[in-house]
Q: 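Would you mind keeping the following structure in view while I ask a few things?
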Amino acid sequence: ITASGPHSLEITHMDGDKSQTLMVLADIYNVKPENVMAFGDSFNDLHMLMWAGTGVAMGNAEEGIKPLADFVSKRNDENGFAYALEKYVL
């Protein structure tokens, strides 16, 4: 059980995290981790950001997440997702 915000509560299996889902999808589509870009803003995204070839922390991410990411983008409300895609993909 984690709190991802003042009004959010997330309940997941104790052995599951977002990186496991990405691993399964990458395996199905034969995509190597170094070709995966993951975006996150909270500690529940940590394993996913570390697994992906490019881990992007949003500008509004918790401060402890930012130093662990490969890149810190702009905030969600500043089109941070599009900004990172333009910088690394397009």
Side-chain angles (χ1 to χ4, degrees):
I1 300 174
T2 61
S4 58
H7 304 290
S8 299
L9 181 66
E10 298 179 23
I11 302 171
T12 59
H13 190 278
M14 65 187 322
D15 295 329
D17 60 51
K18 294 177 184 181
S19 66
Q20 292 177 348
T21 302
L22 276 182
M23 287 182 217
V24 169
L25 288 171
D27 186 52
I28 289 170
Y29 292 104
N30 197 30
V31 177
K32 295 178 183 175
E34 57 266 23
N35 295 324
V36 174
M37 178 182 279
F39 296 79
D41 62 1
S42 185
F43 283 102
N44 68 340
D45 299 316
L46 179 60
H47 294 292
M48 176 181 68
L49 295 175
M50 301 301 289
W51 177 83
T54 304
V56 179
M58 303 307 293
N60 56 288
E62 295 181 44
E63 290 305 316
I65 294 294
K66 292 177 181 181
L68 304 173
D70 298 304
F71 175 69
V72 177
S73 189
K74 296 180 179 181
R75 298 176 49 84
N76 290 349
D77 56 5
E78 298 173 332
N79 299 315
F81 179 79
Y83 179 77
L85 284 180
E86 287 176 356
K87 182 169 180 61
Y88 283 97
V89 179
L90 300 178

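Along the sequence shown, residues are numbered consecutively beginning with 1. Remember, it's a predicted structure, so these values are computed and weren't measured experimentally.
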Q: Starting from Val24, can I reach Met37 by hopping between I/L/V/M/F/W/Y residues whose side chains sit under 4.5 Å apart?
A: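 No, it is not one cluster - the side chains of Met37 and Val24 are not joined through contacts under 4.5 Å.
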Q: Please say yes or no: joined through hydrophobic side-chain contacts below 4.5 Å, possibly via intermediate residues, are Leu22 and Met50 part of one cluster?
A: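 No, Leu22 does not connect to Met50 through the hydrophobic network.
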Q: Nearest 0.5 Å, please: how far is CH2 in Trp51 from OG1 in Thr21?
A: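 Between Thr21 OG1 and Trp51 CH2, I get 10.5 Å after rounding to 0.5 Å.
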Q: Do you know which two heavy atoms are closest between Ile65 and Leu49, and how far apart they sit?
A: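 Shortest heavy-atom separation between Ile65 and Leu49 comes out as CG2-CD1, 3.6 Å.
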Q: According to a 4.5 Å side-chain heavy-atom criterion applied to Ile, Leu, Val, Met, Phe, Trp and Tyr, with indirect links allowed, do Tyr29 and Val36 form part of one hydrophobic cluster?
A: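 Result: yes, single cluster for both.
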Q: Look at the aromatic rings of Phe71 and Tyr83 and report parallel, tilted or perpendicular, splitting at 30° and 60°.
A: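 Phe71 vs Tyr83 ring planes: parallel.
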Q: Any chance CG of Asp77 has more than 12 other-residue heavy atoms, nucleotides or ligands included, within less than 6.0 Å?
A: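 Check passes, neighbour count above 12.
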Q: Please determine whether side chain to side chain contact (heavy atoms under 4.5 Å, CB included) holds for the pair Lys74 and Asn79, giving the CA-CA distance in whole Å, both sets of side-chain angles, and the decisive distance to 0.1 Å.
A: CA-CA 7 Å; Lys74 296 180 179 181; Asn79 299 315; over 6 Å; no
Q: For the residue pair Ala84 and Val56, what are the closest heavy atoms and their distance?
A: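 In terms of heavy atoms, the two residues are closest at CB-CG1, 4.0 Å.
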Q: For Gly55 versus Ala69, what's the shortest heavy-atom pair and its separation?
A: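 Closest approach of Gly55 to Ala69, heavy atoms only: O-CB, 3.4 Å.
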Q: Using every non-hydrogen atom in the two residues, find where Leu68 and Leu46 come nearest and quote the distance to one decimal.
A: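 Taking Leu68 first and Leu46 second, the nearest heavy atoms are CD1-CD1, 3.4 Å.
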Q: Does any N or O in the side chain of Asn60 come within less than 3.5 Å of the main-chain N or O of Asn76, such that one atom is a donor and the other an acceptor?
A: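 Side chain of Asn60 to backbone of Asn76: a pair is present.
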Q: Heavy atoms only: give me the nearest Phe39-Met58 pair and the separation to one decimal.
A: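 It is CD2-SD, 3.9 Å.
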Q: Any idea which heavy atoms bring Asp41 and Asp45 closest together, and the distance?
A: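 For Asp41 versus Asp45, the nearest heavy atoms are N-OD2, 2.9 Å.
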Q: Of all residues at least two apart in sequence or in a different chain, which pass the salt bridge (charged side-chain N to carboxylate O under 4.0 Å, His left out) check with Glu63?
A: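 Per chain and number, Glu63 pairs via salt bridge (charged side-chain N to carboxylate O under 4.0 Å, His left out) with Lys66.
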